[in-house]
Colleague: 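One structure coming up, written as structure tokens, with questions to follow.
Throughout, residue positions are numbered sequentially from 1 according to the sequence presented. Quantities reported herein were computed from a predicted structural model and do not represent experimental measurements. Because only heavy atoms are used, hydrogens play no part in the values below, and waters and symmetry mates are left out as well, while side chains stay in.
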Amino acid sequence: MPPTLASLVQHSALKLTVRAGEDRLDAPVRWAHVSELADPVPYMEGGELLLITALKLDAEKPEAMRRYVKRLVGAGVVGLGFAVGVNYDDVPRALVDAAREEGLPLLEVPRRTPFIAITKAVSAALAADQYRSVTAGFAAQRELTRQALSGGPEGLLGALAAQVDGWAALYDASGAVVATAPEWAGRRAARHITEVERLRERPGPATSVTAGPGGEDRVELHSLGTGRRPRAALAVGTAAALGTAERYAVHSAIALLTLTTERSRSLHAAEQRIGAAVLRMLLAGEPEHARTVAGELYGELLDAPFRLILAEAAGRDRGDDPHPLDGLADTVESAAARRGEAVLVVPEGERLVVLAVDGGAAVAACGEYATALEAARTAEGTEPAGESDTDELVVGLSAPTGPIAAAAAYKQAEQALSVARRRGRVLVEHEQVAAGSVLPLLADDAVRAFADGLLRALRDHDDRGRGDLVASLRAWLSRHGQWDAAAADLGVHRHTLRYRMRRVEEILGRSLDDPDVRMELWLALKATSD
């Protein structure tokens, strides 16, 4: 504890007497300062015990003293020490009354007590308090280190919460709560997930301070990690601002958790290299070799049906922060870790490949991530991702599969990814591609150009007023080549329709008896909406 006015009054060598403000002696003293200026306020920082002899003050004038004391209180001065026997034999009544009116503690300093004795006492008390704080901080650091080595992050959080007399929480890269201490702090930690997500968007190291709902506590948030992109976050909730010893404890916890995070990061990179090798073997049709390499790390994943997720954000620089692929990777990995599932995540340039348990937490988290991103784009009025807007995230999800059919699953995910990009969707599953229609795929510019070229000669013929070949062709194809039905739709004789179809064959140089020709013409009509 820093020195207070009460501790100075109780100091036997100083012989101080309280003349006003007896109920405010618990105020901490930051420093003791001597000033005989009529207005010392410009040189005050707050928290000082001001020592005076009233050399330049009209100390016996009530109005002057009221103004003087009011100024001191406004500047944050916590006490006034008046030396008697120098310029005044007793503390002037006007000064005593003004101090009582403003509630400013007024201490009478006897002549035999020099001001330097008071400043030395304050300085010694401040140094002792600082030493206690540093000693307590080092003790806290040793305890936190011991807990980190023996109990992991959970043990460290428990020791930290005890040191700060509050609560602590650890968040993972996705912003989800990983651990809290004490156990009751889980709900409080969950209330700050939004702030943690904002903190993750800032380059590390980053810190923010917020208040809990209802002002129940003061919460400090710290990002963890040495890179630009934070890997985790620490929250510390306390009833009041942290003292020196508590600050040492928090900084020690940040350092220890950062070391743990970076070590985990190195292990994660090694696991990712193994995962990339497993994936290459699966795609090369070598499932047995893949199982051997996977071992216990990914073996569980290969023993159950899995989904292959393929994500792309080709227009974004990987140096951008945050990157859509990084966000998706963090989300699926965190979800799998919380459920205890195996998940294989492999970056492939501007793509991300994920193998995740079918029906598991990682696949569900991927769907939720895509849904949230879709909703955010809709809310912002953003144009959906398309062929010319490849900087937006698109995801393709294969059907459930096993190691033997991994290559086929990759193709399924690629097809779903392509459809997602064309339809302006964030995520498309292969089942949706199979159950959907091929017609939306005809919106491609290359398909439209082909259709325009195929039908141009017929349109030119019609534009010159020589018939209605395009409409006749559509009617005939829609009726599957049934002459009477198509002629009835057009309101012409079937011989007229036969003549028009012969003209179509002559102009195009292709036979309508060929089913491939009929298919191409029908799709061309659909692609051009003619």
Colleague: Verify, without hydrogens or angle tests, whether Ser223 (side chain) and Ala206 (backbone) share a donor-acceptor contact under 3.5 angstrom.
Modeller: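 It does hold such a pair.
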Colleague: Using modelled atom types only, decide if a donor and an acceptor are shared between the side chain of Glu108 and the backbone of Thr17 within a distance under 3.5 Å.
Modeller: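 Such a contact is absent between Glu108 side chain and Thr17 backbone.
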Colleague: Are the side chain of Tyr171 and the backbone N or O of Ala189 linked by a donor-acceptor pair below 3.5 Å?
Modeller: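 A pair under 3.5 Å: yes.
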Colleague: Would a 4.5 Å heavy-atom cut-off, applied to side chains only, mark Leu417 and Arg351 as touching?
Modeller: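 Sidechains of Arg351 and Leu417: in contact.
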Colleague: By side-chain hydrogen bond (donor to acceptor under 3.5 Å, both in side chains), which residues pair with Arg247, not counting sequence neighbours?
Modeller: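 Applying side-chain hydrogen bond (donor to acceptor under 3.5 Å, both in side chains) to Arg247 gives Glu220.
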Colleague: So which heavy atom on Val250 is nearest to which on Val164, and how close?
Modeller: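 Closest heavy-atom pair between Val250 and Val164: CG2-CG1, 4.1 Å.
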Colleague: Throw together a table of side-chain donor-acceptor distances under 3.5 angstrom for residues 20-35, partners on residues two or more places apart or in other chains.
Modeller:
residue: Arg24; atom: NH1; partner: Gly103; partner atom: O; Å: 3.4
residue: Arg30; atom: NH1; partner: Gly46; partner atom: O; Å: 3.2
residue: Ser35; atom: OG; partner: Leu37; partner atom: N; Å: 3.3

Colleague: Taking Gly327's backbone N and O only, do any of them form a donor-acceptor pair with Thr331's side chain (distance below 3.5 Å, no angle check)?
Modeller: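 The answer is yes, because a donor-acceptor pair under 3.5 Å joins these two groups.
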Colleague: Please table the atom pairs, donor to acceptor, closer than 3.5 Å between any side-chain atom in residues 298-306 and protein atoms at least two apart or in another chain.
Modeller:
residue: Tyr298; atom: OH; partner: Glu271; partner atom: O; Å: 3.0
residue: Asp303; atom: OD1; partner: Arg291; partner atom: NH1; Å: 2.6

Colleague: With side chain to side chain contact (heavy atoms under 4.5 Å, CB included) as the test, pick out the partner of Leu160 among Val236, Ile254, Leu170, Leu257.
Modeller: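 Filter result, single survivor: Val236.
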Colleague: Just by distance, do the side chain of Ser123 and the backbone of Thr119 share a donor-acceptor pair under 3.5 Å?
Modeller: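 Not a single qualifying donor-acceptor pair exists.
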Colleague: Just by modelled atom types, is the Ala361 backbone N or O under 3.5 Å from a matching donor or acceptor in the Glu341 side chain?
Modeller: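 Yes.
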Colleague: I'd like to know whether CD of Glu45 has more than 12 heavy-atom contacts from other residues, nucleotides or ligands below 6.0 angstrom.
Modeller: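 For Glu45, atom CD is not crowded (no more than 12 foreign heavy atoms under 6.0 Å).
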Colleague: Is the backbone of Thr4 close enough, under 3.5 Å, to the side chain of Ser7 for a donor and an acceptor to pair up by distance?
Modeller: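 Here the side-chain-to-backbone pair exists.
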Colleague: Is a side-chain N or O of Thr113 found less than 3.5 angstrom from the main chain of Leu14, in a donor-acceptor match?
Modeller: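 Side chain of Thr113 to backbone of Leu14: a pair is present.
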Colleague: Is a donor on one side and an acceptor on the other found under 3.5 Å between the side chain of Arg307 and the backbone of Ala409?
Modeller: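 A pair under 3.5 Å: no.
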